[in-house]
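Just below is one structure, and these are the notes that go with it.
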Amino acid sequence: MSDFDLVIRGGTAVTAADIGPFDIGVSDGVIVAIGERLPRGREEVEARGLLVLPGGVDSHVHLDQPFSSGADIADGFDSGTASAAAGGTTTVVCHAPQVRGGSLAVAVAAYAEKAKQARIDHAFHLLVNDPTPQVLEHELPALVEAGHRSVKIFMTYDSNRLGDAQILQTLAAARSAGALVCVHAEHHELIGWLTQALLAAGLTAPRHLAWAKPMVVEREATHRILALAEALDTPIQIFHVSGAQSGEEVARAQARGQKAWAETCTQYLVLDEADMDRPGFEGAKFMISPALRSVADREALWQFLRNGVIDIVSSDHSPLRYDDPRGKKQHGETAPFNKIPNGVPGLAARLPILYSEGVAKGRIDLRRFVDLVATNPARRFGLAPCKGAIAVGADADIVLFDPERRVELTNALQHHGSDYTPYEGMTVQGYPTATYQRGRLVFDGEHVLAQPGDGRLLARGPYAEIAPTGHFPTPFDPFR
Ligand code: DUC
Ligand code: ZN
Ligand code: ZN
């Protein structure tokens with residue numbers, strides 16, 4: 001009788017320790033052996049010519065979350081996690097949104113109900129929109145203790161934004177509870193002022209979003225949140241760094257010894273401001289916040305990936321339908337930029353695009369690629385050692401990836417609920433041919449096999465990576 005339920009044999013495996021011709025032995029959904037010429041398993045998978053990678057971990061995803069404009073998000077947990085599996089991602093971290101005036105705990109319970117439709121494993125960021133004493137002193141610590149070890153805050157959007165005093169209170173509460181704070185950093189009032197000035201000047205096209213949200217908007221807010229986090233010795237994760245100047249702010253904080261980390265997203269690495277200027281209403285397909293930047297910013301982001309200033313690439317999957325009065329066309333095709341909902345889908349495209357533009361084009365190596373899409377997000381968000389690496393004892397979340405296969409990206413390949421992908425027509429080299437979760441085939445290269453309800457909500461325990469440093473600007477420790 002074999003020791004293994006499954007052996008993945010003959011591929012080039014990127015394990016936690018090494019890259020080489022290793023077979024992977026799986027039992028009860030867990031990796032139990034890594035080595036050459038493992039004994040036969042009850043099921044054998046031939047991976048010759050393929051890369052054997054840990055399943056992707058996407059730590060910035062929006063599913064089944066209402067847009068503040070009233071537009072409909074195009075993916076719930078069912079279709080969103082299908083899209084993840086089809087792109088080689090086996091864990092997503094989504095946002096459980098508190099409603100202003102409402103309870104965070106109630107919101108998380110309601111969101112967990114929705115997440116019962118998930119086909120793959122998932123965790124929640126606690127999206128704090130109203131940091132009342134009840135939320136910060138009672139609900140947040142209990143939710144963190146229950147396994148939700150990350151908090152998300154916004155510095156802009158009318159129904160989300162926190163002022164600086166609220167941000168400080170939330171940072172302090174998260175630090176005390178043992179949760180990592182993630183931030184959408186943009187200067188709210190400056191966006192508002194610029195938006196009104198642009199509208200008054202008749203500059204209302206999709207591409208003018210980038211004029212309402214120039215880099216200084218992001219740079220200032222990134223600088224400010226880093227300063228507040230430094231003063232409170234609170235580890236911080238900057239979401240969607242879109243260009244050089246905000247990356248430089250993160251680099252400076254890191255050089256000071258701060259626990260400050262950053263992600264960028266696939267779209268900022270391959271698209272740019274010219275995409276928002278496509279003919280007619282097409283530019284709306286590329287409207288996101290922060291806005292797409294210059295080609296020079298794009299290149300700066302690749303450099304930040306190489307030098308480690310940015311160590312996670314997420315999708316910020318926030319899908320809207322394009323040709324839909326509940327989507328991008330909520331206010332018609334002549335709507336001014338400030339009435340067009342922001343967001344792009346990208347869950348399924350993340351691994352293929354980063355591999356193709358990164359590894360195949362020689363910008364990053366294979367190890368860095370795996371770190372960016374799986375290992376680092378798992379470690380940063382307390383999902384390691386079960387997720388993010390091929391290691392004995394880890395969940396058998398594995399992607400077989402053909403590094404030579406050339407694929408033209410289409411909307412149908414995304415398996416999501418949106419009616420478009422911003423990457424339509426782009427040819428990538430390298431594509432997932434199979435995705436396994438806990439040893440079960442969830443995507444066979446063509447079809448998503450995982451069913452709604454197969455995914456598990458992951459509870460995260462305390463973890464060392466996000467422990468405060470104990471260093472304050474003065475000898476005074478405000479938490480003692
Ligand atoms: N920006 C966000 O902050 N969230 C989702 C969509 C977007 O573009
Ligand atoms: Zn955001
Ligand atoms: Zn987001």
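We count ligands from 1, going down the list as the structure has it; atoms in each ligand are counted the same way. Values below: every heavy atom of this structure, side chains too, minus hydrogens, waters and symmetry copies.
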For Asn342, atoms of ligand 1 separated by under 4.0 Å from a heavy atom: 6 (C), 8 (O)

Hey, does Phe154 sit under 4.0 Å from ligand 1 if you only count heavy atoms? yes

Lys/Arg cation over aromatic Tyr463: Arg149, 6.0 Å, 45° cone: no

So the atoms of ligand 1 within less than 4.0 Å of a heavy atom of Ser289 turn out to be 1 (N), 2 (C), 3 (O), 7 (C), 8 (O)

Mind running side chain to side chain contact (heavy atoms under 4.5 Å, CB included) on Leu226 and Thr222 for me, showing each step along the way? CA-CA 6 Å; Leu226 287 166; Thr222 303; 3.8 Å; yes

Report yes or no: is the cationic atom of Arg298 (NZ for Lys, CZ for Arg) closer than 6.0 Å to the six-membered ring centre of Trp302, at no more than 45° off its axis? no

Could you give the side-chain donor-acceptor pairs of residues 370-381 under 3.5 Å, partners two or more places apart or in another chain?
{"unit_1": "Thr375", "atom_1": "OG1", "unit_2": "Gly388", "atom_2": "O", "d": "2.8"}
{"unit_1": "Asn376", "atom_1": "OD1", "unit_2": "Arg379", "atom_2": "NH2", "d": "3.3"}
{"unit_1": "Asn376", "atom_1": "ND2", "unit_2": "Asp311", "atom_2": "O", "d": "2.8"}
{"unit_1": "Asn376", "atom_1": "ND2", "unit_2": "Asp371", "atom_2": "O", "d": "3.4"}
{"unit_1": "Arg380", "atom_1": "NE", "unit_2": "Glu465", "atom_2": "OE2", "d": "2.9"}
{"unit_1": "Arg380", "atom_1": "NH1", "unit_2": "Gln237", "atom_2": "OE1", "d": "3.0"}
{"unit_1": "Arg380", "atom_1": "NH1", "unit_2": "Asp311", "atom_2": "OD1", "d": "3.1"}
{"unit_1": "Arg380", "atom_1": "NH2", "unit_2": "Asp311", "atom_2": "OD2", "d": "2.7"}
{"unit_1": "Arg380", "atom_1": "NH2", "unit_2": "Glu465", "atom_2": "OE2", "d": "3.3"}

Report the residues that fulfil ring-ring contact (aromatic ring centres under 6.0 Å, His included) with Phe401, sequence neighbours left out, ordered by chain and then residue number. Tyr355

Examine Ser318 against ligand 1 and note whether any of their N/O atoms are separated by less than 3.5 Å. no

Among His184, His62, Gln267, whose heavy atom sits nearest atom 3 (O) of ligand 1? His184

Which of the atoms in ligand 1, numbered in the order shown and given with their element, are less than 4.0 Å from a heavy-atom of Gly343? 6 (C), 8 (O)

Near the Zn ion (ligand 3), meaning under 2.8 Å, the protein N/O/S atoms are His60 NE2, His62 NE2, Asp316 OD1

Among all residues two or more places apart in sequence or in another chain, which pass the ring-ring contact (aromatic ring centres under 6.0 Å, His included) test with Phe67? none

Does Glu145 CD have over 12 foreign heavy atoms under 6.0 Å away? no

Is the shortest distance from a Lys or Arg side-chain nitrogen in Arg438 or Asp121 to a carboxylate oxygen in the other one below 4.0 Å? yes

Proximity of Met287 to ligand 1 by residue part, where a heavy atom lies under 4.0 Å: neither

SB check Glu230 Arg252 (cutoff 4.0 Å): no

